[in-house]
Structure formats: C-alpha cells, structure tokens
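Report on the following structure.
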Amino acid sequence: MENNSDRLDHAFAALSDPTRRAIVARLAQGEASVGDLAEPFAIGLPTMLKHIRALERGGLIVSTKTGRVRRCALVPDALRQTEAWLRTHIAAWEGRLDRLEAHLTRMKKDQGNDR
C-alpha cells in the first residue's frame with residue numbers, strides 16, 4: 001500500500017501538466033467520457049488515455065468502462081489531501097512574511113527616530 005507521501009507525489013506529478021489540470025477542471029463540473037475530455041485538445045485518444053492513467057495513478061480521478069465508452073469522474077478526497085498539504089505550507093510562509101513585515105516596520109520606525 002502506498003504511503004501518504006507517495007500519493008501526494010503522484011497527485012502533484014499528475015497536476016504538473018496543463019492538459020491534466022484542464023481535465024480535472026472539466027471533471028469538477030461532472031463526469032465525462034474520454035472522448036468528451038479529449039475534444040478541446042489537439043491530441044489523439046492514445047495520448048488522452050496516458051493523461052487519464054496519470055490522473056488515476058495520482059488518485060485524482062477514477063474511470064469506468066461500459067462497452068466501448070470509458071467515463072471519468074473526479075475523486076474529491078484526493079484534491080482535499082493536496083489542498084491540506086498546500087494550506088500547511090502556505091500558513092508557514094505567511095507567518096514568515098508577517099514576521100518579516102513586522103521587522104521591516106520596526107527598522108523603518110527606528111530609522112525615523114534616529115533623525
């Protein structure tokens with residue numbers, strides 16, 4: 001079984017491609033067939049299937065095949081996991097930037113008092 005770090009690695013790798021991000025954005029509106037997902041892009045179905053596999057490996061989407069039609073749907077929990085990781089790191093950087101701003105404000109105030 002994959003650990004949490006491996007799942008995040010696969011999810012971020014899948015999201016590193018603009019075509020795959022567009023697929024995720026489209027699937028946020030509801031499930032769609034691979035053919036429908038491929039329509040806005042100038043790529044063939046074999047290439048689209050590679051993108052689908054990368055998104056599945058990242059745990060971001062699931063696909064099911066009925067007859068000749070493969071339909072894809074978003075896995076919301078996978079996006080929540082990546083969002084949680086990002087929020088943790090954003091909070092850390094915001095804290096650092098707040099401390100830097102306070103430091104610069106004190107320095108500017110101290111320079112004004114030296115005159």
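Every heavy atom of this structure was used, including side-chain atoms; hydrogens, water molecules and symmetry mates were not. No experiment lies behind these values; they were computed from the predicted model shown.
Two residues are said to be in side-chain contact when any heavy atoms from C-beta on lie closer than 4.5 Å; I61 and L74 meet this criterion.
Just one of R80, R87, Q81 meets the side-chain hydrogen bond (donor to acceptor under 3.5 Å, both in side chains) condition when paired with E83; it is R87.
Of the inter-residue distances, the one linking H10 atom NE2 with T82 atom OG1 reads 14.5 Å to the nearest 0.5 angstrom.
Following chains of ILVMFWY side-chain contacts shorter than 4.5 Å, one can reach L27 starting from V24, so the two form part of one hydrophobic cluster. No single ILVMFWY cluster, assembled from side-chain heavy atoms under 4.5 Å apart, contains both L86 and L15. Cluster membership check: I23 shares its hydrophobic cluster with L79, using side-chain heavy-atom separations under 4.5 Å among Ile, Leu, Val, Met, Phe, Trp and Tyr.
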Can you give the donor-acceptor pairs under 3.5 Å from side chains of residues 94-107 to other protein atoms, not counting sequence neighbours?
{"from": "R99", "atom 1": "NH1", "to": "G95", "atom 2": "O", "distance (Å)": "3.3"}
{"from": "T105", "atom 1": "OG1", "to": "E101", "atom 2": "O", "distance (Å)": "2.8"}

May I have the list of side-chain donor-acceptor pairs in residues 30-42 shorter than 3.5 Å, sequence neighbours left out?
{"from": "E31", "atom 1": "OE2", "to": "R71", "atom 2": "NE", "distance (Å)": "2.8"}
{"from": "S33", "atom 1": "OG", "to": "D36", "atom 2": "N", "distance (Å)": "3.0"}
{"from": "S33", "atom 1": "OG", "to": "D36", "atom 2": "OD2", "distance (Å)": "3.2"}

Quiz: residues 44-55 side-chain donor-acceptor pairs under 3.5 angstrom, not counting sequence neighbours:
{"from": "H51", "atom 1": "ND1", "to": "R20", "atom 2": "NH1", "distance (Å)": "3.3"}

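Judged by distance alone, the side chain of R21 and the main-chain N or O of S16 form a donor-acceptor pair under 3.5 Å.
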